[in-house]
Amino acid sequence: MLRIPREAVERIFDHARAVAPEEACGILAGKDDTVTGVHEAENTLHSPVEYFMNPRDQLRIMNEIFDQDLDDLAYYHSHPASEPYPSATDVRRVVLGRARLVIVTLREDMTRLRSFFVEDGTIEEESVEIIDKKESGSG
């Protein structure tokens, strides 16, 4: 189960709204499946249906996370107008091991945040607990 502070969820949605209609993307940092930081990145594709994280942003974020003795818990991105479920492109892009993808949608008529493990073309949804714990870290 992924545990994520309400403030972190709000920050992800703020990022998604700020770049809409493009997909937002970034990395969630923390320990023991509990998010402590949201790190925004540039979507170099500037697309409403696909993202590719700026490699410079990704390197900077990974250095920040490891300097804080945290783990990279998940990659997040938005599906501005569609279901928060891994697309075929999302699945195809996971090439090394098992990745956790947190996907949000801006649509009000759907579950708005979901988390998945993707590995070798398989998708496994996990539960998410939104907690009232202060977010720490930056991004």
Side-chain angles (χ1 to χ4, degrees):
M1 172 187 306
L2 182 68
R3 294 171 39 90
I4 184 167
R6 191 170 312 282
E7 293 86 359
V9 172
E10 291 168 7
R11 185 156 172 204
I12 294 167
F13 277 105
D14 287 346
H15 182 203
R17 283 188 288 271
V19 300
E22 296 176 7
E23 288 194 4
C25 61
I27 299 174
L28 302 179
K31 282 283 188 195
D32 301 321
D33 295 321
T34 300
V35 173
T36 60
V38 176
H39 298 263
E40 299 175 8
E42 176 193 12
N43 174 358
T44 61
L45 298 179
H46 300 286
S47 167
V49 295
E50 190 176 9
Y51 78 97
F52 186 80
M53 191 176 301
N54 182 318
R56 286 186 307 268
D57 287 349
Q58 189 170 6
L59 181 60
R60 173 189 50 80
I61 292 166
M62 290 302 203
N63 285 332
E64 289 173 5
I65 290 170
F66 295 131
D67 285 349
Q68 296 172 10
D69 196 31
L70 297 172
D71 298 318
D72 54 324
L73 295 181
Y75 289 85
Y76 78 85
H77 69 281
S78 62
H79 287 177
S82 64
E83 179 182 16
Y85 188 84
S87 68
T89 301
D90 294 336
V91 173
R92 191 172 51 253
R93 287 227 170 108
V94 176
V95 293
L96 293 175
R98 187 175 193 210
R100 179 187 265 155
L101 303 180
V102 171
I103 305 173
V104 301
T105 185
L106 296 178
R107 288 188 47 175
E108 298 285 343
D109 62 331
M110 298 179 174
T111 300
R112 301 196 59 221
L113 181 144
R114 296 168 74 187
S115 182
F116 305 88
F117 285 104
V118 177
E119 182 177 26
D120 295 329
T122 64
I123 301 167
E124 175 189 340
E125 187 165 8
E126 74 170 330
S127 56
V128 176
E129 179 184 3
I130 298 174
I131 57 176
D132 289 319
K133 177 182 169 191
K134 264 296 206 204
E135 173 195 6
S136 62
S138 62

What pair of heavy atoms forms the shortest contact from [X] to [Y], and how long is it?
X	Y	result
Leu70	Phe66	O-CD2, 3.6 Å
His39	Ile65	NE2-CG1, 3.9 Å
Ala16	Val104	CB-CG2, 4.3 Å
Pro84	Arg114	O-CD, 3.3 Å
Val91	Gly121	CG1-CA, 3.5 Å
Ala24	Ser78	N-OG, 2.8 Å

Under the 3.5 angstrom rule, does the side chain of [X] hit a backbone N or O of [Y] as a donor-acceptor pair?
X	Y	result
Asn54	Glu42	no
Thr105	His79	yes
Arg100	Asp33	no
Thr44	Phe52	yes
Ser115	Val128	no
Asp57	Glu40	no
Asn43	Leu45	yes

Neighbour count above 12 (heavy atom, 6.0 Å) for Arg56 CZ: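 It does not: Arg56 CZ has 12 such atoms or fewer within range.
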Within a radius of less than 6.0 Å around CG of Asn63, do more than 12 heavy atoms belonging to other residues, nucleotides or ligands occur?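 Yes, because the 6.0 Å sphere around CG of Asn63 holds more than 12 heavy atoms from other groups.
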Enter the distance from [X]:[atom1] to [Y]:[atom2] here, rounded to the nearest 0.5 Å.
X	Y	atom1	atom2	result
Glu129	Arg3	CD	CZ	4.5 Å
Arg6	Asp132	CZ	CG	4.5 Å
Met1	Thr34	CE	OG1	10.0 Å
Glu126	Leu101	CD	CG	10.5 Å

Test side-chain contact (heavy atoms from CB on, under 4.5 Å) on Val38 and Leu28 and set out the steps. CA-CA 5 Å; Val38 176; Leu28 302 179; 3.8 Å; yes
same_hphob_cluster(Val49, Tyr75) at 4.5 Å side-chain heavy-atom cutoff: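 The answer is no; the residues belong to distinct hydrophobic clusters.
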Determine, using the 4.5 Å side-chain heavy-atom cutoff (strictly less than), whether Met110 and Leu113 are members of one ILVMFWY cluster.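 Met110 does not cluster with Leu113.
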Are the side chains of [X] and [Y] in touch, meaning some heavy atoms are under 4.5 Å apart?
X	Y	result
Arg107	Ser82	no
Arg112	Val9	no
Leu106	Phe13	yes
Ile103	Phe116	yes
Ile12	Ile4	yes

Is there a side-chain contact (heavy atoms from CB on, under 4.5 Å) between Tyr51 and Asp90 once you walk through the steps? CA-CA 9 Å; Tyr51 78 97; Asp90 294 336; 3.9 Å; yes
Pair Arg60 + Glu64, salt bridge at N-O below 4.0 Å: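 Yes.
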What I want to find out is whether Arg11 reaches Asp14 closely enough, with some N-O distance under 4.0 Å, to be called a salt bridge.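 Asp14 and Arg11: not salt-bridged.
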